[in-house]
Amino acid sequence: VRAHGGGLPEEEEAIGRRQLLQAFTRYQAAGRHADASRTASHLSRATYEESQFDDALAIAKQAVAEAGRSGNSRVRVQAEQALAWVYDNLGMEEEARDHFARIIELSRAWPEALARAYFSFALFLLDLGKLESALQHLDDASNQVALSLNSGLSGVEDLVLAIPLNRAD
């Protein structure tokens with residue numbers, strides 16, 4: 001299990017998680033499914049102790065369910081990303097791989113989202129030691145970043161620094 005540190009004192013992290021949970025519950029009760037999904041996605045990525053990753057998994061699954069009810073494809077991408085992240089952190093490689101692949105399929109309509117999907121999948125594959133597949137996904141991400149930039153789309157500027165465009169093999 002790989003946990004990440006949030007940099008905040010534990011008490012502040014706990015307060016933030018409680019506030020996110022309250023917001024999620026209120027959005028869900030109000031039928032604001034996209035907002036509930038976004039909030040659950042953030043909550044599932046909050047800093048957790050290793051013993052709490054089962055909670056993060058349940059919350060990420062709720063994010064996906066709420067996203068499905070919302071009918072918003074971009075919200076669904078965000079929820080699937082949260083679920084893939086939790087699976088990866090739990091060491092559930094097959095489930096994480098399936099969700100990273102699903103994110104790519106769901107992102108095809110948006111070059112900037114597709115670039116991020118390829119990049120995230122590449123990082124996951126690198127972590128598994130699958131260098132050739134990871135490099136292919138980085139190339140795919142690079143192509144989508146170039147397409148986004150050439151089309152005047154924003155939202156990929158940070159990826160320009162992370163992915164070498166026109167990488168020489």
Side-chain angles (χ1 to χ4, degrees), residues 1-110 112-128 137 141 153-163:
V1 175
R2 294 177 296 238
H4 72 286
L8 294 174
E10 282 184 43
E11 185 177 312
E12 289 182 33
E13 289 176 0
I15 291 168
R17 282 193 300 274
R18 280 194 304 273
Q19 289 174 338
L20 283 170
L21 187 56
Q22 288 173 349
F24 169 72
T25 303
R26 288 179 179 151
Y27 285 138
Q28 199 175 33
R32 293 176 57 181
H33 303 295
D35 291 325
S37 177
R38 281 191 280 275
T39 304
S41 292
H42 290 298
L43 184 58
S44 73
R45 293 177 182 186
T47 303
Y48 284 89
E49 298 296 321
E50 289 183 18
S51 62
Q52 296 173 311
F53 267 101
D54 287 340
D55 295 339
L57 180 59
I59 292 165
K61 287 180 177 180
Q62 286 181 306
V64 171
E66 288 295 324
R69 286 191 272 285
S70 79
N72 184 321
S73 298
R74 285 198 182 249
V75 171
R76 177 82 189 274
V77 168
Q78 182 183 20
E80 290 287 346
Q81 287 170 335
L83 186 53
W85 179 86
V86 173
Y87 279 135
D88 181 27
N89 280 281
L90 286 171
M92 300 172 73
E93 293 172 8
E94 187 174 322
E95 291 86 348
R97 183 180 293 114
D98 290 346
H99 284 276
F100 280 116
R102 186 172 300 140
I103 294 163
I104 288 171
E105 291 307 313
L106 291 170
S107 299
R108 293 215 181 268
W110 309 286
E112 76 286 358
L114 189 54
R116 289 189 183 289
Y118 281 130
F119 185 71
S120 295
F121 202 178
L123 294 179
F124 168 75
L125 293 168
L126 278 172
D127 196 37
L128 296 179
H137 281 80
L153 298 173
S154 62
V156 295
E157 293 79 7
D158 59 319
L159 290 180
V160 171
L161 300 174
I163 303 170

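Residue numbers start at 1 and run along the sequence shown. In this text, all values refer to a predicted model and were calculated from it rather than measured experimentally.
Residue Y87 holds its OH atom at 11.0 Å from CD of E94, rounded to the nearest 0.5 Å. Rounding to the nearest 0.5 Å gives a distance of 11.0 Å between OG of S107 and CZ of R76. Once rounded to the nearest 0.5 Å, the distance linking OG of S41 with CD of Q62 reads 11.0 Å. With values rounded to the nearest 0.5 angstrom, E66 atom CD is found 4.5 Å from Q28 atom CD.
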Could you please spell out the steps behind the side chain to side chain contact (heavy atoms under 4.5 Å, CB included) verdict for L83 and L57? CA-CA 7 Å; L83 186 53; L57 180 59; 3.6 Å; yes
Decide yes or no on side chain to side chain contact (heavy atoms under 4.5 Å, CB included) for W110 and L114, but give the supporting numbers first. CA-CA 6 Å; W110 309 286; L114 189 54; over 6 Å; no
List the steps, then state whether side chain to side chain contact (heavy atoms under 4.5 Å, CB included) holds for L21 with R17. CA-CA 6 Å; L21 187 56; R17 282 193 300 274; over 6 Å; no
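Put simply, the side chain of R32 does not reach to within 4.5 Å of the side chain of R38, judged on heavy atoms. F124 places a side-chain heavy atom less than 4.5 Å from the side chain of R97. In this structure the side chain of F100 never reaches within 4.5 angstrom of the side chain of I104, judged on heavy atoms. L123 has its side chain within reach of F119: a pair of non-hydrogen atoms, C-beta onward, lies under 4.5 Å apart.
In terms of heavy atoms, E80 sits closest to L106 at CG-CD1, 3.7 Å. Closest approach of Y118 to R108, counting heavy atoms only: OH-NH1, 3.3 Å. Across every non-hydrogen atom of A117 and I103, the tightest pair is CB-CG2, 3.6 Å. For the residue pair L20 and T39, the shortest heavy atom distance occurs at O-CG2, 3.2 Å. Contact record, R45 with W85: CA-CZ3, 3.8 Å, taken as the closest heavy-atom pair. Counting all heavy atoms, side chain and backbone alike, S44 lies closest to I59 at N-CG2, 3.9 Å.
Within 6.0 Å of CZ in R26 there are 12 or fewer heavy atoms belonging to other residues, nucleotides or ligands.
Checking side-chain atoms of S37 against main-chain N and O of A63 turns up a donor-acceptor pair under 3.5 Å.
In summary, E112 and R116 do not engage in a salt bridge, as defined by a charged side-chain N under 4.0 Å from a carboxylate O.
Side-chain atoms of H99 and R102 include a donor-acceptor pair closer than 3.5 Å.
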